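One structure is given below, encoded as structure tokens.
Every value quoted in this text rests on a predicted model; they were computed, and no experiment measured them.
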Amino acid sequence: MAMPIEDYALIGDMQTAALVCRDGTIEWLCLPRFDSPAVFAGLLGTEEHGFWRMSPAYGPGVGPRPADRRRYRGDSLVLESEWDTLRGTVRVIDFMPPRDGAPQLIRIVEGVSGRVPMRSELRTRFAYGRVMPWAHKVNGRTVAVAGPDSVWLDTSAHARIDSGTVTSDFTLSPGDRIAFTASWQPSHHQPPAMPEPGVSLEATEGFWHEWVEHCTYHGSYRDAVVRSLITLKALTYAPTGGIVAAPTTSLPECIGGVRNWDYRFTWLRDAAITLSSLLRTGYREEARAWREWLLRAVAGDPENLQIMYGIAGERELGENDLNWLPGYENSRPVRVGHGAAGQLQLDVYGEVTEALHVGREKGLSPHDHASTLQLKLIQWVEKHWDEPDEGIWEVRGPRRHFVHSKVMTWVAVDRTVKLIEAGDVDGPLERWKDLRETIHRDVCEKGYDKERNTFTQSYGSQELDASLLLIPQMGFLPPDDKRVIGTIEAIQRELGTEDGFVMRYPTAGEGLGVDGLEGDEGAFLACSFWLADDLAMIGRVDEARKLFEKLLSLRNDLGLLTEEWDPKAKRQVGNFPQAFSHVALCDTALRFDALPSRTAQA
């Protein structure tokens with residue numbers, strides 16, 4: 001049975017990622033890409049669906065126990081776990097080298113003290129745990145093959161095969177080191193090259209430490225920000241620059257519920273805000289790669305802009321249920337693909353335009369096609385901004401005139417007006433300035449409840465929505481506007497939890513809510529960071545910092561965040577780790593360090 005989500009660690013090679021549990025079990029890994037079928041899917045099922053455990057040996061009926069200590073090696077994605085046993089101490093080092101050939105997952109086991117019996121159990125199951133491979137030996141190497149896939153295991157330890165599980169038992173003394181490498185290869189290709197685990201470890205640590213040296217953020221929350229940036233880099237698909245929202249699918253937003261989605265795709269919204277954070281912390285190459293990915297994905301068809309694409313720009317993301325998997329803690333369905341790819345979400349036009357705008361502000365070299373794309377997007381917005389849509393939260397109920405969506409169309413037009421005013425492109429300046437004013441007036445007249453002094457989720461509704469917290473951050477209204485302050489206070493009052501965090505919007509429990517779904521969900525972490533931003537912007541800095549510190553305390557011991565926090569069960573829920581949450585963390589930290597000196601320190 002899977003452990004709490006916060007018990008997992010992330011390792012990856014910027015093309016895929018694995019989740020390593022505190023007890024030394026890898027229960028999630030898709031190969032060769034983030035969005036490929038999993039070869040270890042135990043996270044969403046049982047051990048029969050694939051896992052790889054590396055831990056001190058244990059007896060029948062006992063089971064593995066959590067490591068006594070774990071950490072990342074400095075500013076890297078190399079995980080180190082240690083167990084103290086009655087017989088001594090042992091260390092396991094887990095990592096995935098940045099890819100140069102076959103993808104590799106390397107586990108190096110070191111003896112620290114005493115003599116510790118160890119066991120490796122590798123159970124590969126292809127196609128999300130559905131297919132048992134043929135496991136056999138080839139020239140002293142162990143390989144598991146099924147259809148187009150093969151996973152090769154290389155180790156100096158003796159490996160025996162029993163019912164598709166490869167097991168190695170060995171004992172380590174101080175200074176002993178045994179490496180295990182699992183490499184994926186198309187089954188019709190020649191075997192992958194023999195690994196060099198020690199060389200790969202040194203190169204992997206060097207890669208991450210060198211990458212972190214480019215970070216320009218040196219503020220009060222550097223450790224939290226750097227770990228978040230490393231996580232965002234790990235969620236970037238290196239060959240194309242696409243950024244996945246998370247490396248997992250169907251980790252539930254409510255344990256036992258149906259709000260389980262596949263996040264292994266590139267949302268324009270998530271990627272755009274990730275780009276903004278990377279740019280503001282010194283990472284132009286990643287931003288440039290994302291811009292190139294965007295231009296390829298949208299191609300010459302901006303009128304059919306999708307809200308998300310595959311990591312290489314794929315458009316077909318059909319949604320299916322994997323009915324042989326019981327789901328994380330019996331949370332069904334387990335979904336692959338995403339039906340929201342065909343939705344209309346007007347806000348993405350604003351997010352993409354804002355990302356391009358920030359890129360220019362931060363010195364990203366001009367790109368003629370990017371400017372042309374922006375003009376074409378605004379031409380489309382000009383014709384369609386006043387239509388209802390599914391909104392930022394991808395509701396599966398009826399379309400509405402969501403206030404946040406309208407605000408973001410205003411952002412799209414505003415940033416384009418500024419682009420024209422700067423002389424970078426030619427366009428109908430006066431007409432679009434009029435359009436900007438028209439959208440602004442429409443939102444203020446139809447999306448604002450005068451009696452309650454708050455903007456609402458959609459035109460004519462009584463519900464609130466945490467996305468309204470972005471109104472001052474996007475410059476739609478100044479922070480000291482009474483309507484902004486009223487909205488912030490209303491969201492605290494009506495969407496706040498006892499811990500001071502924020503729900504995205506009201507859910508309906510057993511009925512169908514505005515999102516067309518049953519059940520509830522946890523507090524949305526990105527929205528809670530937005531609240532901290534807004535509180536700082538309106539001068540309530542102490543309150544904002546207190547909330548930010550409380551949000552930081554929700555990270556697991558390795559500094560990782562999921563999408564949501566269950567305020568009742570006091571645990572992380574949703575896909576993990578979540579780019580949106582880590583971007584919001586970075587943005588809030590940057591905002592605090594930009595405050596005037598008299599309020600910048602706690």
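- When R396, Q345, Q343, R399 are each tested for a side-chain hydrogen bond (donor to acceptor under 3.5 Å, both in side chains) with E390, only one passes: R399.
- Between V407 and V403 there is a side-chain heavy-atom pair separated by less than 4.5 Å.
- Side chains of L547 and F501 form a contact here, defined as non-hydrogen atoms less than 4.5 Å apart.
- Judged by the 6.0 Å and 45° rule, R483 forms no cation-pi pair with F455.
- No donor-acceptor pair closer than 3.5 Å links the side chain of W208 to the backbone N or O of I230.
- Between the side chain of R555 and the main chain of L552, a donor-acceptor pair closer than 3.5 Å is present.
- Side-chain contact, D442 with Y459: a donor N or O sits under 3.5 Å from an acceptor N or O.
- Pairs passing the ring pair (Phe, Tyr, Trp, His ring centres under 6.0 Å) check and including a residue from residues 361-389, sequence neighbours excluded, read Y349-W380, W380-H384.
- Within the 4.5 Å cutoff, the side chain of Y221 has heavy atoms near those of the F548 side chain.
- With hydrogens and angles disregarded, a donor-acceptor distance shorter than 3.5 Å links the side chain of S461 to the backbone of S458.
- When each of E351, H338, E394 is checked for a side-chain hydrogen bond (donor to acceptor under 3.5 Å, both in side chains) with W267, only E394 meets the rule.
- In this structure, R280 does not pair ionically with E361, as no charged nitrogen and carboxylate oxygen lie closer than 4.0 Å.
- Looking at R545 and E549, no side-chain N of the basic residue comes within less than 4.0 Å of a carboxylate O on the acidic one, giving no salt bridge.
- Atom CG of residue D534 and atom CG of residue L469 lie 5.0 Å apart, to the nearest 0.5 angstrom.
- Using a 4.0 Å cut-off between charged nitrogen and carboxylate oxygen, E354 and R269 do not count as a salt-bridge pair.
- Here D414 pairs with K418 in a salt bridge; the nearest charged N to carboxylate O distance falls below 4.0 Å.
- Checked by atom type, the side-chain pair N556/Q572 shows no donor-acceptor distance below 3.5 Å.
- In this structure, R335 is positioned above the aromatic face of W261, its NZ or CZ under 6.0 Å from the six-membered ring centre and within 45° of the axis.
- Salt bridge absent: E421 and R415 never bring a charged side-chain N and a carboxylate O closer than 4.0 Å.
- Q457 and D465 are linked by a side-chain donor-acceptor pair at a separation below 3.5 angstrom, with hydrogens and angles left out of the test.
- Contact of the M308 side chain with the R315 side chain is not registered, since no non-hydrogen atoms from C-beta on lie closer than 4.5 Å.
- Of the possible donor and acceptor atoms, one in the side chain of R452 sits under 3.5 Å from a partner among the backbone N and O of Q462.
- One side chain, Q374 or T416, offers a donor N or O that lies under 3.5 Å from an acceptor on the other.
- Interatomic distance, L495 CG to L468 CG, rounded to the nearest 0.5 Å: 8.5 Å.
- Around NZ of K550, the count of heavy atoms belonging to other residues, nucleotides or ligands within 6.0 Å exceeds 12.
- One side chain, W432 or E382, offers a donor N or O that lies under 3.5 Å from an acceptor on the other.
- For the residue pair K406 and H401, a side-chain donor N or O sits within less than 3.5 Å of a side-chain acceptor on the partner.
- The line from CG of L435 to CD of E430 is 12.5 Å long, rounded to the nearest 0.5 Å.
- A donor-acceptor contact closer than 3.5 angstrom is absent between the side chains of S250 and D262.
- Panel note: side chain Y309, backbone F265; no donor-acceptor pair is recorded below 3.5 Å.
- Under the 3.5 Å distance criterion, with hydrogens and angles disregarded, a donor-acceptor pair is assigned to the side chains of E286 and W211.
- A donor-acceptor contact closer than 3.5 angstrom links the side chains of Y263 and E563.
- Annotation: side chain of R288 is in contact with side chain of L364 (closest heavy-atom distance under 4.5 Å).
- Under 4.0 Å is where a charged nitrogen must lie from a carboxylate oxygen, and between R99 and D13 at least one such pair does.
- In this structure, R227 and Y72 have side chains that are in contact, with non-hydrogen atoms separated by less than 4.5 Å.
- The structure places NZ of K568 at 11.0 Å from OG1 of T497, a figure rounded to the nearest 0.5 Å.
- Formation of a donor-acceptor pair under 3.5 Å by the R296 side chain with backbone atoms of T240 is found in this model.
- Listed for the T281 side chain is no donor-acceptor partner under 3.5 Å among the backbone atoms of Y217.
- A distance of 7.0 Å separates CZ of F529 from OG of S581, quoted to the nearest 0.5 Å.
- What you find for D270 and A245 is that their closest heavy atoms are OD2-CB, 3.6 Å.
- Under the 4.5 Å side-chain criterion, counting only non-hydrogen atoms from C-beta, N260 is not in contact with L251.
- If you take CD on Q578 and CG on L235, they are separated by 8.5 Å, rounding to the nearest 0.5 Å.
- Defined by atom type and a distance below 3.5 Å, a donor-acceptor pair is present between the side-chain atoms of Q492 and E543.
- A donor-acceptor distance shorter than 3.5 angstrom exists from the side chain of T16 to the backbone of C30, with no hydrogens or angles considered.
- Checking side-chain atoms of T456 against main-chain N and O of Y448 turns up no donor-acceptor pair under 3.5 Å.
- Residues Y505 and I392 form no side-chain contact, since every pair of their non-hydrogen atoms from C-beta on lies 4.5 Å or further apart.
- Side-chain N or O atoms of R264 include one that pairs as donor or acceptor with a backbone N or O of F34 at under 3.5 Å.
- With respect to R400 and D389, no salt bridge is recorded, no charged nitrogen being found less than 4.0 Å from a carboxylate O.
- Side chains of D449 and T454: no donor on one and acceptor on the other come within 3.5 Å.
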